[in-house]
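All values below come from the heavy atoms of this structure, side chains included, with hydrogens, waters and symmetry mates left out. We count ligands from 1, going down the list as the structure has it; atoms in each ligand are counted the same way.
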Amino acid sequence: MRRKLPSLVLAVLVALATAGVATAANGGFTPVEPASPNAHHIQHAYYLVLGFTAAIFVLVETLLVVFVVKYRSRGRARAVEGAQVLGHTRLELIWTAIPVVILAIIAGFVFYELPNIDSAPAAADPIHITVEGHQYYWQFDYPNHARSIGTLHVPAGAVVDLKVVSPDVIHSWWIPALGGKLQAIPGRINHTWFKADTGSYDGQCAELCGVFHASMRATVRAESQQAYQHYLTSWRGTIGKQIWNGVCATCHGNLGQGGYGIAIANNSLLTQKSGLEGILRNGFTGPGGAMPPVGETWTQEEIDALAAYVKKHIYKSAPVGATSGG
Ligand code: HEC
Ligand SMILES: [Cu+2]
């Protein structure tokens with residue numbers, strides 16, 4: 001009895017600690033709350049699999065504990081073997097058949113849900129947006145040639161068709177609340193879609209694409225039709241800032257004070273548009289590391305907007321003697 005008490009206390013404590021996790025919002029066990037029909041259908045499949053695995057887990061663990069107790073040694077000498085059991089045809093058939101049935105149900109259900117995950121609602125007249133994965137940012141092109149970096153603006157409730165591409169390496173587009181992952185592969189065009197409820201949904205590149213993969217976040221903002229239209233007409237006013245924050249700051253720091261990329265706040269290239277354009281379009285490697293051709297697909301207008309922004313807001317903005325990168 002003296003030896004059982006500590007293990008019992010430990011078991012209860014472990015049970016209490018994990019119960020908290022299990023009942024916390026979402027518990028970390030289930031996907032984020034879906035906000036698009038395809039994400040809803042993915043979640044249905046998830047819950048079906050979770051149901052079976054949870055039931056099997058409980059069954060196996062219960063039997064394990066029951067058997068440990070029931071067939072304990074009861075003072076039998078260590079070297080003496082317990083009763084030997086040889087085969088049980090009926091039991092073996094059952095535990096072969098049941099998994100086959102379970103797998104067939106799961107496969108059948110997934111095939112049943114797939115069309116709803118794969119294809120957008122037929123009647124809709126979708127908005128076509130191109131999603132371009134870059135080292136290390138997401139760029140969005142809208143029907144009227146508007147563009148945004150990092151944040152995708154869409155009207156809530158509209159069916160949005162996404163054309164997912166990449167000019168450099170493989171990335172993976174993933175906003176969990178709005179559906180599954182889709183790879184952005186150089187030389188290929190992939191399609192996915194969503195129909196988002198009003199709100200803001202975060203995601204992250206889901207394919208290791210280089211040192212700053214972790215900074216490759218994306219937000220989808222599903223807003224009113226007016227707010228969406230407003231972005232389409234006003235994007236030029238913010239694109240310089242969007243590029244700085246979404247692209248350059250990842251490596252050079254918010255104020256150009258340096259990080260992975262060198263400190264550039266005092267770099268006179270920030271005031272020379274053509275020189276700046278050269279390194280943005282072609283990238284370059286120096287003693288301070290490699291800068292990818294982050295601006296290879298930017299229009300002249302965007303380069304101009306960025307050049308104006310850095311000249312005004314970044315050049316000489318960081319404190320003198322701020323850390324230089326390495
Ligand atoms: C993936 C990281 C990364 C990103 C993103 C990035 N840079 Fe760089 N950048 C570097 C590195 C590394 C260097 C230093 C290379 C060297 O000189 O050794 C550099 C150097 C520079 C220089 C100095 C060039 C010189 O010759 O003195 C400027 C100016 C610059 N970057 C501007 C930008 C701007 C503007 C952006 C955003 C459009 C940007 N960078 C985005 C990594 C990056
Ligand atoms: Cu990526």
Side-chain angles (χ1 to χ4, degrees), residues 131-140 147-150 152 162 164-175 181-186 188 190 202-219 238-318 322-326:
V131 175
E132 221 172 78
H134 283 255
Q135 286 175 312
Y136 299 96
Y137 64 94
W138 293 102
Q139 174 173 292
F140 307 103
R147 189 169 263 189
S148 67
I149 306 274
L152 170 58
L162 299 177
V164 179
V165 296
S166 164
D168 47 34
V169 300
I170 300 177
H171 304 275
S172 181
W173 168 252
W174 193 31
I175 305 289
K181 296 172 188 165
L182 188 72
Q183 292 208 307
I185 302 172
R188 247 195 90 106
N190 284 335
D202 293 329
Q204 156 85 52
C205 177
E207 178 77 62
L208 182 61
C209 57
V211 278
F212 280 92
H213 165 65
S215 316
M216 216 174 141
R217 296 163 201 281
T219 300
T238 59
I239 194 71
K241 184 177 185 195
Q242 289 186 52
I243 293 177
W244 173 264
N245 289 334
V247 183
C248 322
T250 301
C251 294
H252 292 293
N254 286 333
L255 297 171
Q257 76 275 25
Y260 163 76
I262 55 173
I264 54 167
N266 292 332
N267 193 305
S268 56
L269 265 185
L270 295 188
T271 63
Q272 296 159 18
K273 198 166 75 192
S274 60
L276 188 62
E277 176 165 357
I279 63 169
L280 297 183
R281 292 215 188 274
N282 306 315
F284 78 109
T285 301
M291 173 158 153
V294 287
E296 63 185 330
T297 64
W298 293 344
T299 60
Q300 193 59 47
E301 206 178 349
E302 288 172 276
I303 301 267
D304 294 353
L306 173 70
Y309 183 83
V310 295
K311 190 170 172 182
K312 179 151 183 229
H313 296 282
I314 305 303
Y315 186 57
K316 300 245 159 118
S317 69
T323 49
S324 74

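Interatomic distance, Asn190 CG to Ile185 CD1, rounded to the nearest 0.5 Å: 5.0 Å. Rounded to the nearest 0.5 Å, atoms OG1 (Thr271) and CG (Leu276) are 9.0 Å apart. Separating the NZ atom in Lys273 from the CG atom in Leu306 is a distance of 11.0 Å, to the nearest 0.5 Å.
Remark: minimum distance from atom 42 (C) of ligand 1 to any protein heavy atom is reached at Met291 CB, 3.6 Å. Among protein heavy atoms, atom 4 (C) of ligand 1 sits closest to Cys251 SG, 3.3 Å. Ranking protein heavy atoms by distance to atom 26 (O) of ligand 1, first place goes to Leu269 CD1, 3.8 Å. Of the protein's non-hydrogen atoms, Gly289 O, 3.4 Å is the one closest to atom 15 (C) of ligand 1. Ranking protein heavy atoms by distance to atom 38 (C) of ligand 1, first place goes to Cys248 SG, 2.6 Å. Protein heavy atom closest to atom 5 (C) of ligand 1, with residue, atom name and distance, is Val247 O, 3.3 Å. In this structure, the protein non-hydrogen atom closest to atom 18 (O) of ligand 1 is Gly288 N, 2.4 Å. In terms of protein heavy-atom proximity, atom 23 (C) of ligand 1 is closest to Asn267 ND2, 3.4 Å.
Not a single heavy atom of Tyr137 sits closer than 4.0 Å to an atom of ligand 1. Leu280 counts as a contact of ligand 1, since one of its heavy atoms falls under 4.0 Å from the ligand. At least one heavy atom of Trp298 sits less than 4.0 Å from an atom of ligand 1.
Looking at Tyr136, its side chain never comes within 3.5 Å of a backbone N or O of Cys251 through a donor-acceptor pair. At least one donor-acceptor pair closer than 3.5 Å links the side chain of Gln204 to the backbone N or O of His213. Side-chain atoms of Glu132 never come within 3.5 Å of backbone atoms of Gln139 as a donor-acceptor pair (strictly under, hydrogens ignored). Side chain of Gln135 to backbone of Cys209: a donor-acceptor contact under 3.5 angstrom is found. A donor-acceptor contact shorter than 3.5 Å is absent between the side chain of Trp173 and the backbone of Val165.
Taking both residues in full, the closest heavy atoms of Trp138 and Val131 are given as CE3-CG1, 3.5 Å, listed atom of the first, atom of the second, then distance. Considering every non-hydrogen atom in both Ile314 and Asn254, the closest pair reads CD1-O, 3.9 Å. Across all their heavy atoms, Val310 and Leu270 have their closest contact at CG2-O, 3.7 Å.
Of the N or O atoms in Ile279, none lie within a sub-3.5 Å distance of an N or O in ligand 1. Between His252 and ligand 1, a contact under 3.5 Å exists for at least one N or O pair. Remark: ligand 1 and Tyr136 share no N or O pair separated by less than 3.5 Å (distance only, no angle test).
Atom numbering of ligand 1 starts at 1 in the shown order; those under 4.0 Å from a heavy atom of Pro287 are 18 (O). Distances below 4.0 Å separate heavy atoms of Leu306 from the following atoms of ligand 1: 38 (C). For ligand 1 and Ala290, the ligand atoms under 4.0 Å from any heavy atom of the residue are 12 (C).
Under a cut-off of 6.0 angstrom, the local environment of CZ in Arg281 is crowded, with over 12 non-hydrogen atoms contributed by other residues, nucleotides or ligands.
Contacts between Pro292 and ligand 1, counted as non-hydrogen atom pairs separated by less than 4.0 Å, involve the side chain only. In Thr250, neither the side chain nor the backbone holds a heavy atom less than 4.0 Å from any atom of ligand 1.
Of all N/O/S atoms in His171, ND1 sits nearest the Cu ion (ligand 2).
Side-chain contact, Thr299 with Glu302: a donor N or O sits under 3.5 Å from an acceptor N or O.
To the nearest 10 degrees, the Cu ion (ligand 2) sees SD of Met216 and SG of Cys205 at an angle of 110°.
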